[in-house]
Amino acid sequence: MTPADLSAAIVRIIAALQADGRLALKDGEGQLPAEVVVERPKNREHGDWATNVAMQFAGKFGMNPRAFAELLSGELAKVDGVEKVDIAGPGFINLFVSAASAGELAKAIVEADAAYGRGTDLAGVKLNLEFVSANPTGPIHMGGTRWAAVGDSLARVFEAQGAQVTREYYFNDHGAQIDRFARSLLARAKGEPAPEDGYGGAYIQEIADRVLAETATDILSLPEVEAQEAFRAAGVDLMFAEIRESLHDFGVDFDVFFHENSLYESGAVQKAIDKLKALGHMFEKDGALWLRTTTFGDDRDRVVIKSDGEAAYIAGDLAYYLDKRSRGFDQCIYMLGADHHGYIQRMMAMCAAFGDKPNHNLEILIGQMVNLLRDGEPVRMSKRAGTVVTMEDLVEAVGVDAARYALARSSINSQLDIDLEQLQKKTNDNPVFYVQYAHARTKQVAKNAASLGVERTEFDPSLLEHATESELLAKLSELPRVVAQASEFREPHRVARYLEEVAGTYHRWYDACRVTPLSGGQVESVHRTRLWLNDAAGVVLRNGLDLLGVSAPERM
RNA sequence: GCCCUCGUAGCUCAGUGGAUAGAGCAAAGGCCUUCUAAUCCUUUGGUCGUAGGUUCGAUUCCUACCGAGGGCGCCA
């Protein structure tokens with residue numbers, strides 16, 4: 001009996017009561033949702049599970065919540081595995097299930113193994129998830145690192161719901177930003193200081209040196225313009241290779257690296273503009289070509305082709321969106337930093353102008369900034385001074401697992417403070433180790449069990465009657481719902497928070513219940529049965545860590 | 001001025017209408033001749049920014065205000 005089972009039972013009961021006329025929806029009330037919320041009550045004395053379904057739906061049937069609860073509870077009490085049903089307060093229905101029916105879950109999880117926690121909410125959906133997308137002017141900084149961790153984890157969560165996900169990285173290697181990068185390389189190669197608006201830092205020196213070493217011609221003897229172009233071309237390649245390598249080492253591999261320029265070279269930008277013209281959403285003014293985004297809720301119209309004939313940034317976005325759609329993606333999700341929140345309206349307007357559905361075909365997730373601290377003091381970062389803390393710096397300081405976990409365990413709506421000093425000094429206090437240790441413990445317990453002859457040769461769930469076993473089973477039952485919610489709300493941090501709860505519940509169980517008998521003791525049914533529960537906890541911890549891209553070590 | 005996000009324990013953060021608001025860290029104390037003590041247990045710690053409103057019920061939804069960060073280009 002899991003909460004999902006109980007929820008389904010309640011839905012069935014309501015349908016049956018409607019069928020035999022004991023319940024009737026009031027006029028004007030639509031149909032009821034397919035599932036009802038069954039949760040662990042905060043106070044365990046209230047029961048194993050509780051639902052507020054009576055308070056929510058009684059009105060729709062023209063009843064008061066208590067009476068509705070009475071009607072439901074009579075039927076619920078007949079459900080197999082339900083031991084007792086209480087009604088409390090304004091109409092809470094509190095359910096008590098037998099240890100045997102609750103314990104069945106342990107075996108089910110072990111047998112489902114990697115499939116436990118997966119769902120079908122997004123079965124058959126083709127999703128495009130674009131994240132990081134930093135231009136190759138330097139290494140990935142903390143902001144990009146956060147999106148790499150969160151984005152990849154979100155992709156994994158979507159995949160766990162059956163979606164076919166393409167991880168995509170959009171970049172540009174031309175333009176003002178890149179010019180600054182190229183000028184900085186050139187200046188450094190000549191031994192000059194970084195340009196006023198350029199980039200500093202050791203990586204500029206490294207790239208400049210490598211460009212000089214790996215290029216046959218003597219770049220520095222070329223005319224200024226040609227030299228800069230040589231540094232741009234070679235420097236971008238080297239920088240981008242480094243970025244890809246950093247991401248790969250971070251456990252994030254993109255399916256598509258999309259080059260903005262390809263949209264211009266293929267004529268896709270012109271096609272997108274033509275399409276919008278045909279739809280009547282373009283107009284000319286002051287020598288420029290505009291998209292009338294105000295028709296679709298933007299607060300001002302947007303220039304697509306500037307009066308000097310050059311394309312504005314949004315021109316690429318128009319074509320890029322159409323390209324994604326033409327590749328068969330029903331949903332295109334963009335993860336952007338808070339400094340891009342002003343894009344949302346124009347992007348949604350663009351989506352609507354093409355006749356698509358904003359917030360469905362196009363979805364934008366805005367993530368807040370990462371603040372770096374050192375001993376509680378903000379670290380001032382400057383691209384020019386080269387004091388930017390990068391993905392590699394973070395990984396070097398705390399390792400991939402701790403870095404990904406620290407970045408993925410908080411809501412993207414919140415600014416995140418990362419204190420390098422603290423993470424370096426107190427790695428043992430990092431929550432990721434708490435979770436990983438719990439997983440390692442399940443493995444070592446299983447190993448010890450095997451060596452002492454405790455095997456999963458029998459399973460008697462009625463023996464899982466200790467309070468900590470009830471708690472552990474209840475917690476393990478939540479994984480499918482947590483993953484589904486993480487997917488629905490685009491919030492992978494829910495998985496991390498859940499794992500911390502699982503780890504705590506597991507540790508408490510471990511403290512109270514032994515899988516192997518004390519020395520000299522006989523191996524009994526309860527030991528063999530508990531091994532199933534131990535292994536089930538291991539499966540849940542491993543599956544959850546997988547969703548975060550964090551390793552599940554066998555021992556620590 | 002307008003727009004977005006945030007404001008919850010000393011710190012970092014969970015909690016998108018339910019019962020007595022949680023975790024980790026920090027502080028104080030307690031358990032290893034028994035499967036991993038990176039675990040566990042106890043204690044201390046709160047005007048959920050402020051003020052209204054919506055309702056059976058609000059940390060959660062609405063409004064205003066205060067505070068923090070970000071954004072309001074024919075830049076990319």
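Within every chain, numbering begins at 1; the chains are lettered A, B, ... in the order of the sequence lines, protein sequences first and strands thereafter. All figures in this text were calculated on a predicted structure; none of them were measured in a lab.
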Of the listed B:A19, B:C74, B:C56, the closest approach to the A:P41 side chain comes from B:A19
Considering residues at least two apart in sequence or located in another chain, which fulfil the ring-ring contact (aromatic ring centres under 6.0 Å, His included) criterion with A:H466?
none
Interatomic distance, A:I412 CD1 vs B:C6 P [rounded to whole Å]
10 Å
Between A:E455 and A:R528, is there a salt bridge with N-O shorter than 4.0 Å?
no
Give the nucleotide from the list B:A19, B:C13, B:C74 with an atom nearest to the side chain of A:R497.
B:C13
A:E471 atom CD is separated from B:G22 atom P, nearest whole Å, by 14 Å
Look at all strands and tell whether A:E500 reaches a base, only sugar-phosphate, or nothing, counting heavy atoms closer than 4.0 Å.
nothing
Does A:R346 make a side-chain N or O approach to OP1 or OP2 of B:C72 shorter than 4.0 Å?
no
The criterion is ring-ring contact (aromatic ring centres under 6.0 Å, His included); which residues satisfy it with A:H281, sequence neighbours excluded?
A:F296
How far, in whole Å, is B:G70 from B:U55 if one measures between their P atoms?
39 Å
Compare side-chain N and O positions of A:Y434 against OP1 and OP2 of B:C40 and report whether any pair is under 4.0 Å apart.
yes
Just call it for A:L452: base, sugar-phosphate, or nothing, with non-hydrogen atoms closer than 4.0 Å on any strand.
nothing
Applying side-chain hydrogen bond (donor to acceptor under 3.5 Å, both in side chains), can you list everything that pairs with A:D179, at least two apart in sequence or on another chain?
none
From C-beta outward on A:N94, which listed nucleotide comes closest to its side chain: B:G15, B:A19, B:C74?
B:A19
Could you give the distance separating B:G17 and B:U12 at their P atoms, to the nearest angstrom?
26 Å
Kindly say if A:R300 contacts the phosphate of B:C74, meaning a side-chain N or O under 4.0 Å from OP1 or OP2.
yes
Any A:H493 side-chain nitrogen or oxygen under 4.0 Å from OP1 or OP2 of B:G15
yes
Where the side chain of A:R146 meets the backbone of A:Q368, is there a donor-acceptor pair that is under 3.5 Å apart?
yes
If the condition is side-chain hydrogen bond (donor to acceptor under 3.5 Å, both in side chains), which residues does A:D299 pass it with, not counting sequence neighbours?
A:R302
Is it true that A:D417 and A:N371 share a donor-acceptor pair across their side chains at a distance under 3.5 Å?
yes
If we take the C1' atom in both B:G18 and B:A58, what is their distance in whole Å?
10 Å
Not counting sequence neighbours, list each pair that qualifies as a salt bridge (charged side-chain N to carboxylate O under 4.0 Å, His left out) and has a residue in residues 399-410 of chain A.
A:D152-A:R404, A:R409-A:E500
Taking any heavy-atom pair under 4.0 Å as a contact, classify A:N172: base, sugar-phosphate, or nothing.
sugar-phosphate
If the condition is ring-ring contact (aromatic ring centres under 6.0 Å, His included), which residues does A:W532 pass it with, not counting sequence neighbours?
A:F459
Determine whether any donor atom in the side chain of A:S410 lies under 3.5 Å from an acceptor atom in the base of B:C13, or the reverse, and answer yes or no.
no
May I ask you to list the residues of residues 501-515 of chain A, by number, that have any heavy atom positioned under 4.0 Å from an atom of RNA chain B?
A:H507, A:R508, A:Y510, A:D511, A:C513, A:R514, A:V515
Could you work out the separation of B:U33 and B:G24 based on their C1' atoms and round it to a whole Å?
32 Å
Indicate yes or no: does A:R481 engage A:E39 in a salt bridge with an N to O separation below 4.0 Å.
yes
Which value, in whole Å, describes the distance between the P atoms of nucleotides B:U39 and B:G57?
44 Å
Using a 4.0 Å heavy-atom cut-off across all strands, classify A:Q485 as base, sugar-phosphate, or nothing.
nothing
Are A:K306 and B:C75 close enough that a side-chain N or O sits under 4.0 Å from OP1 or OP2?
yes
Pairs under 3.5 angstrom, nitrogen or oxygen only, protein versus nucleotides 68-71 of chain B, please.
unit_1: B:G69; atom_1: O2'; unit_2: A:Q415; atom_2: NE2; d: 3.0
unit_1: B:G70; atom_1: O2'; unit_2: A:A338; atom_2: O; d: 3.1
unit_1: B:G70; atom_1: O2'; unit_2: A:D339; atom_2: N; d: 3.4
unit_1: B:G70; atom_1: N2; unit_2: A:H341; atom_2: ND1; d: 3.1
unit_1: B:G70; atom_1: N2; unit_2: A:H341; atom_2: NE2; d: 3.3

A:M348 side, atom CE; A:L362 side, atom CG - distance, nearest 0.5 Å
4.5 Å
Is the base of B:C11 syn or anti, where syn means the angle lies within 90° of 0?
anti
Under 4.0 Å between any heavy atoms, over every strand shown, what does A:A288 touch: base, sugar-phosphate, or nothing? Just pick one.
base
Is the phosphate of B:A14 approached by A:S414 (side-chain N or O, under 4.0 Å from OP1 or OP2)?
yes
Give the dot-bracket string for RNA chain B, reading 5' to 3', where a pair is Watson-Crick or G-U wobble with both distances under 3.5 Å, ( ) marks pairs inside the strand, [ ] marks pairs crossing earlier ones, | marks a partner on another strand, and . marks unpaired.
(((((((..((((....[...)))).((((.........)))).....(((((..]....))))))))))))....
Using a cut-off of 4.0 Å on non-hydrogen atoms, how would the nucleic acid contact of A:N413 be classed: base, sugar-phosphate, or nothing?
sugar-phosphate
What interatomic distance, in whole Å, is found between C1' of B:A38 and the corresponding atom of B:C6?
33 Å
Nearest-Å distance, CG (A:L499) to P (B:G22)?
21 Å
Using a 4.0 Å heavy-atom cut-off across all strands, classify A:R494 as base, sugar-phosphate, or nothing.
base
Considering heavy-atom distances to RNA chain B, does A:D301 or A:P90 have its closest nucleotide positioned more toward the 5' end?
A:P90
Using heavy atoms to find the nearest nucleotide of RNA chain B for A:G89 and A:I418 separately, return the residue whose nucleotide is more 5′.
A:I418
Look at the side chain of A:Y437 and decide which nucleotide, out of B:C56, B:C74, B:U39, has an atom nearest to it.
B:U39
Under the side-chain hydrogen bond (donor to acceptor under 3.5 Å, both in side chains) rule, collect the residues that match up with A:N94, sequence neighbours excluded.
none
Under the salt bridge (charged side-chain N to carboxylate O under 4.0 Å, His left out) definition, can you give me all pairs with a residue in residues 84-96 of chain A, not counting sequence neighbours?
A:K84-A:D86
Would you say the side chains of A:S487 and A:D121 form a donor-acceptor pair under 3.5 Å?
no
List for me each residue that meets ring-ring contact (aromatic ring centres under 6.0 Å, His included) alongside A:H174, sequence neighbours excluded, and say none if there are none.
none
How many whole angstroms separate atom CD1 of A:I314 from atom P of B:C72?
14 Å
I'd like the P distance from B:C66 over to B:C56, given in whole Å.
33 Å
Could you tell me how far apart A:I178 (CD1) and B:C75 (C1') are, to the nearest whole angstrom?
14 Å
Distance, P atom - from B:A14 to B:A27, rounded to whole angstrom:
23 Å
Ring of A:F92 versus six-membered ring of B:A19: centres under 5.5 Å and planes under 30°?
yes
Looking at B:C13, B:G18, B:U5, which one has an atom nearest to any side-chain atom of A:N52?
B:G18
Could a donor-acceptor pair under 3.5 angstrom be found where the side chain of A:D417 meets the base of B:U12?
no
